[in-house]
> 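What follows is a single structure, and I will ask about it in a moment.
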Amino acid sequence: MQIRSNLVRLSGLGIAAVLLPVTMLGFSDGPLPMRTGVPADGGITCNACHRGADVNSDTRGKLTVIAGNYKPGVKQKIQVILEHTEASRWGFQLTARLASDETKQAGTFTQTDVIRVRCVGALPDGECAGGLEFASHRAVSTFRDQRNRAVWEVEWTPPAAGSGQVVFYAAGNAANASNNNQGDFIYNVNVRAAEESCNLTTTPVITSIKNASFSAADTSPFQASAPNTLITLGGRGFNAPGVNRGVTGSDITAGQFPTELGCAAVEIGGKRAPMIFTNPTQINAQVPFDAGEGTVPVRVILNPGTPNEIRGEAVNLPLTDYSPGFFKLLPTPCIVATFQDGSLSGDPSLFTSLPVRGAKTGDILTLYATGLGFTEPVYKSGEIVGAAAKARDAVSIEWNGVAMAAADILYVGSSPGSISGLFQINLRVPGAVRPNAHNQIRIRVGDKVSQGDSTLLVVQ
């Protein structure tokens, strides 16, 4: 069977993105500069050369830019996504301007084999000397005969501290591959990004470290964790009041989650931990795969890498080989379980707004967990899993204290497209369960077992 994740994002992991419509163009090796619709440039877009519907008028298509806030001088990826149901060739142009003066360039783009960076005037590509820059497709990245959508990633180095808001202007052409400039679909948009200034002054304090599933058998404030396990730190002073900062697409570089987020970082055993979410009282992170053995120190660092860096007092975290736990649909005791069509399994009586239904004997479900050790092949902490990777060590599932048949466990391994610490378990609901009732379900790996009394799955 195909192994894929039905769960786009787990509630509480804080992963978010800014999605706004944008545009593309059709010169095979990139358009002329100043075609992004910046008012200070005359407001010109791709429709200066391509003829078709008015800009942004065809609702079958959409242009999206994913940017997020920026840290001065720290490279990040800007994602440009163009969609249209009828297009079969694609192009774009992107520029970045200071919001305080849109005639001024903000930061610099990196030229690559698939991204061209053009300058105004006679300057060579990618060497704009502080002048205006325009990132666009190259001929190899027009995706001829590709249907429905095209995606480009543009590496951008933000301007210096104190630059304030940046505005990204983008234009795009969802073209019909007719080899002329007629009948194409042009879009245009602008997206703002705020400067992330790190000047926190409060010393952070950790009061608890829990398995992020909140269903580990260890109930102590500092639960034993395994390498690559997703964890939740509780405490105070982790961020400015009212700030909720989750990972966005622009934070992920080369398929790797960041080790700094929202002016905070976490060190576990002296290693920086991949970050997923932070607010004043909570951080979701991942135990580094090489954090060490035994008991290791954990600390939160504010304003990392700056002259005003603040290092919180370290607490001790026991490390073990496994720390299994099922993710739950909090605040209920029901575990996260999805049917093959992606819909949720759960007790309808416990949910007022979320559509759920109970499972039946023979149904194939996907459950989500963490703390199951390493996979084969091994994925390091913070990596996004590209394909199915089975758990290296044997994992058994118990229903009401009885191990289910191995033949009914169809897959145990990393969840493709997700961070390496998120496991999925595909199984067939066995016949020997309590019908029309909650059934306790646990994971056992090595000598460790997850909670059973508060992780339930209802079978109709």
> Under 4.5 Å between any side-chain heavy atoms of Ile397 and Phe326, yes or no?
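Yes, side chains in contact.
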
> Do the side chain of Glu309 and the main chain of Ile301 share a donor and acceptor less than 3.5 angstrom apart?
no

> In terms of side-chain heavy atoms, does Ser136 have a donor or acceptor partner in Gln93 at a distance below 3.5 Å?
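Their side chains do not contain a donor-acceptor pair, so the 3.5 Å distance test is not met.
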
> Test your reading of the model: is there a side-chain donor-acceptor pair from Asp101 to the backbone of Leu98, 3.5 Å cut-off?
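Not confirmed, Asp101 side chain does not pair with Leu98 backbone.
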
> What's the separation between atom OG1 in Thr157 and atom CD in Gln76, rounded to the nearest 0.5 Å?
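Thr157 atom OG1 to Gln76 atom CD measures 9.0 Å (nearest 0.5 Å).
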
> Is it the case that more than 12 heavy atoms not belonging to Arg434 sit under 6.0 Å from its CZ atom?
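Atom CZ in Arg434 is crowded, with more than 12 foreign heavy atoms closer than 6.0 Å.
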
> Could you walk me through whether Val247 and Phe257 pass the side-chain contact (heavy atoms from CB on, under 4.5 Å) check?
CA-CA 8 Å; Val247 167; Phe257 273 66; 3.9 Å; yes

> Is there a side-chain contact between Leu329 and Val336 in this structure, where contact means two heavy atoms from C-beta onward sitting under 4.5 Å apart?
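Side chain of Leu329 against side chain of Val336, heavy atoms only: contact under 4.5 Å found.
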
> Between Glu133 and Thr108, does any side-chain donor sit less than 3.5 Å from a side-chain acceptor?
no

> Flag the pair Phe423 / Val385 as yes when at least one side-chain heavy-atom distance between them is below 4.5 Å, and no otherwise.
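Answer no - side chains too far apart.
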
> Atom CG of residue position Asn308 - does it have more than 12 heavy atoms of other residues, nucleotides or ligands inside 6.0 Å?
yes

> Side chain to side chain donor-acceptor pair (under 3.5 Å), that's the test. Do Ser323 and Thr229 meet it? Break it down for me.
CA-CA 7 Å; Ser323 52; Thr229 299; 3.0 Å; yes

> Rounded at 0.5 Å granularity, tell me how far OG1 in Thr361 sits from CZ in Arg428.
11.5 Å

> Return the OG1 to CG distance between Thr219 and Asn211, rounded to the nearest 0.5 Å.
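The CG atom of Asn211 is 12.5 Å from OG1 of Thr219, to the nearest 0.5 Å.
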
> Within the structure provided, determine whether Pro274 and Glu383 are in side-chain contact (heavy-atom separation under 4.5 Å).
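Contact flag for Pro274/Glu383 side chains = no.
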
> Ignoring hydrogens, what is the shortest heavy-atom contact between Thr36 and Thr45? Give both atom names and the distance.
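Scanning both residues completely, I find the closest heavy atoms to be C-CG2, 4.3 Å.
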
> Do you know which two heavy atoms are closest between Ala193 and Phe168, and how far apart they sit?
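In terms of heavy atoms, the two residues are closest at CB-CE1, 3.9 Å.
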
> How about Val74 and Glu196: do any of their side-chain heavy atoms sit closer than 4.5 Å?
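Of all side-chain heavy-atom pairs linking Glu196 with Val74, none is under 4.5 Å.
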
> Of Phe143, Phe109, Trp90, which meets ring-ring contact (aromatic ring centres under 6.0 Å, His included) against Trp152?
Phe143

> Apply side-chain contact (heavy atoms from CB on, under 4.5 Å) to the pair Thr112 and Glu155, showing each step before the final yes or no.
CA-CA 9 Å; Thr112 68; Glu155 187 175 83; 6.0 Å; no

> State, with a plain yes or no, whether a side-chain heavy atom of Ile310 is found less than 4.5 Å away from one of Pro204.
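Heavy-atom side-chain distance check passes, below 4.5 Å.
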
> Does Phe351 reach the side chain of Cys334, with side-chain heavy atoms less than 4.5 Å apart?
yes

> Are Lys75 and Thr253 linked by a side-chain donor-acceptor pair shorter than 3.5 Å?
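Result is no, nothing qualifies.
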
> Check the pair Leu457, Leu365 against side-chain contact (heavy atoms from CB on, under 4.5 Å), reporting the backbone distance first and the verdict last.
CA-CA 11 Å; Leu457 195 147; Leu365 298 177; 3.7 Å; yes

> Verify side-chain contact (heavy atoms from CB on, under 4.5 Å) between Arg97 and Leu132, making sure each step is shown before the conclusion.
CA-CA 8 Å; Arg97 305 297 176 87; Leu132 298 181; 3.6 Å; yes

> Please report the closest heavy-atom contact between Ala135 and Val154, naming both atoms and the distance.
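That closest heavy-atom pairing would be CB-CG1, 3.8 Å.
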
> Report yes if the side chains of Lys271 and Thr259 come closer than 4.5 Å at any heavy-atom pair, otherwise no.
no

> Exactly one of Val266, Ile268, Asn228 should register a side chain to side chain contact (heavy atoms under 4.5 Å, CB included) with Pro288. Which one does?
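Passing option: Ile268.
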
> What is the minimum heavy-atom distance between Ser450 and Gly325, and which atoms define it?
CB-CA, 3.9 Å

> Does Asn400 reach the main-chain N or O of Gln440 with its side chain, forming a donor-acceptor pair under 3.5 Å?
yes

> Inspect the surroundings of CD in Glu313 and state if more than 12 heavy atoms from other residues, nucleotides or ligands are less than 6.0 Å away.
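Incorrect, the count does not exceed 12.
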
> Of the non-hydrogen atoms in Pro333 and Lys328, which two are nearest, and what is the gap between them?
O-CD, 3.9 Å

> Let me see the working for Glu398 and Arg442 under salt bridge (Lys or Arg N to Asp or Glu O under 4.0 Å), right down to the final yes or no.
CA-CA 5 Å; Glu398 298 176 357; Arg442 301 193 303 182; 2.7 Å; yes

> How long is the gap from CG on Leu233 to CE on Met275, to the nearest 0.5 Å?
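Here the interatomic distance stands at 8.5 Å.
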
> Assess, by modelled atom type and distance only, whether the side chains of Arg245 and Asn239 contain a donor and an acceptor separated by less than 3.5 Å.
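Distance-only check fails for Arg245 and Asn239.
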
> Specify the closest pair of heavy atoms between Phe238 and Val300, including all atoms of both residues, with the distance to one decimal.
CE2-CG2, 3.8 Å

> Determine, step by step, whether Arg272 and Glu267 satisfy the salt bridge (Lys or Arg N to Asp or Glu O under 4.0 Å) criterion, reporting the C-alpha distance in whole Å, the side-chain angles of both residues, the deciding distance to 0.1 Å, and the verdict.
CA-CA 5 Å; Arg272 286 291 176 94; Glu267 279 188 359; 3.6 Å; yes

> Within this structure, what is the NZ-CG distance for the pair Lys448 and Asp321, rounded to the nearest 0.5 Å?
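Spacing of NZ (Lys448) from CG (Asp321) equals 6.5 Å.
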
> Do side-chain atoms of Asn69 reach the backbone of Ala194 as a donor and acceptor pair under 3.5 angstrom?
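Side chain of Asn69 to backbone of Ala194: a pair is present.
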
> Once rounded to the nearest 0.5 Å, what's the spacing between atom OH of Tyr411 and atom CG of Leu427?
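Reported to 0.5 Å precision, the distance equals 13.5 Å.
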
